[in-house]
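This one's a predicted model, so the numbers in the text were calculated from it and none came from an experiment. A note on names: the letters A, B, ... follow the listed sequences, proteins ahead of strands, and every chain is numbered from 1.
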Amino acid sequence: MDQKKGTENVLLDVDFLQKLVVGIGEVSEITGVPARKIRYWEEKGIIQSEKEGEGTTRRYNYLNIKKILLIQELVEEGYTLDSAAKKVEDRMENLNEAFRKLATLATDQKDDA
DNA sequence: GTTCTCACA
DNA sequence: TGTGAGAA
């Protein structure tokens, strides 16, 4: 992590994150949040999962996982589910915007030789 | 492995 | 707000 990284490495990071999609069980394991709680939150409308084609299994990308993680930490700090979800969604917009810019920069600077 | 619903605290 | 259990 200390050598000069080429632009392709940056692209790999973004591409890697974008392709991370797992089931509720995996999310439950990596976030420590019980699967039932995740479904409960989605039922409340504070998180959104993606359905996989014809199957009914929920799929979660890294943004969803990050959202779940953030909300979980906020709730553990004493926030109510609603307020935690509100704060997280607000922060997610900033994060997405920053990552969008990063992806744009990484894509544009691939030919400066 | 996943989904749902009913019920309870 | 979050869980347990049964059933598909």
Rounded distance (Å) that lies between atom [atom2] of [N] and atom [atom1] of [X]:
| X | N | atom1 | atom2 | value |
| --- | --- | --- | --- | --- |
| A/K37 | C/dT3 | NZ | C1' | 10 Å |
| A/E42 | C/dG2 | CD | P | 15 Å |
| A/E29 | B/dT2 | CD | C1' | 14 Å |
| A/L81 | C/dT3 | CG | C1' | 14 Å |
| A/I68 | C/dT1 | CD1 | P | 17 Å |
| A/I38 | B/dG1 | CD1 | P | 14 Å |

Discussion item. Can you build the contact string for nucleotides 3-9 of chain B? Use B for base contact, S for sugar-phosphate-only contact, and - for no protein heavy atom under 4.0 Å.
Written reply: BS-----

Worksheet entry | Short side-chain donor-acceptor distance under 3.5 Å, A/E50 and A/N61 |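 Result is yes, a qualifying pair exists.
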
Worksheet item: Ion pair present between A/E43 and A/R39, side-chain N to carboxylate O less than 4.0 angstrom?
Response: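 Salt bridge flag = no for A/R39 with A/E43.
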
Worksheet entry | Basic-acidic side-chain contact under 4.0 Å: A/R58, A/E42 |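 A/E42 and A/R58: salt-bridged.
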
Discussion item. Measuring to OP1 and OP2 of C/dG2, would you say a side-chain N or O of A/W41 lies under 4.0 angstrom away?
Written reply: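 For C/dG2, OP1 or OP2 has a side-chain N or O of A/W41 closer than 4.0 Å.
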
Practice prompt. Identify the heavy atoms of A/I47 and A/I38 that sit nearest to each other, and give their distance.
Written response: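 For A/I47 and A/I38, the tightest heavy-atom pair comes out as CD1-O, 3.5 Å.
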
Item to complete: Verify the neighbour count for atom CD of A/E89: are there more than 12 heavy atoms of other residues, nucleotides or ligands below 6.0 Å?
Response: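 Buried by this count: over 12 neighbours within 6.0 Å.
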
Discussion item. Can you confirm whether A/Q72 sits close enough to A/E76 that some side-chain heavy atom of one is under 4.5 Å from a side-chain heavy atom of the other?
Written reply: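 Sidechains of A/E76 and A/Q72: in contact.
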
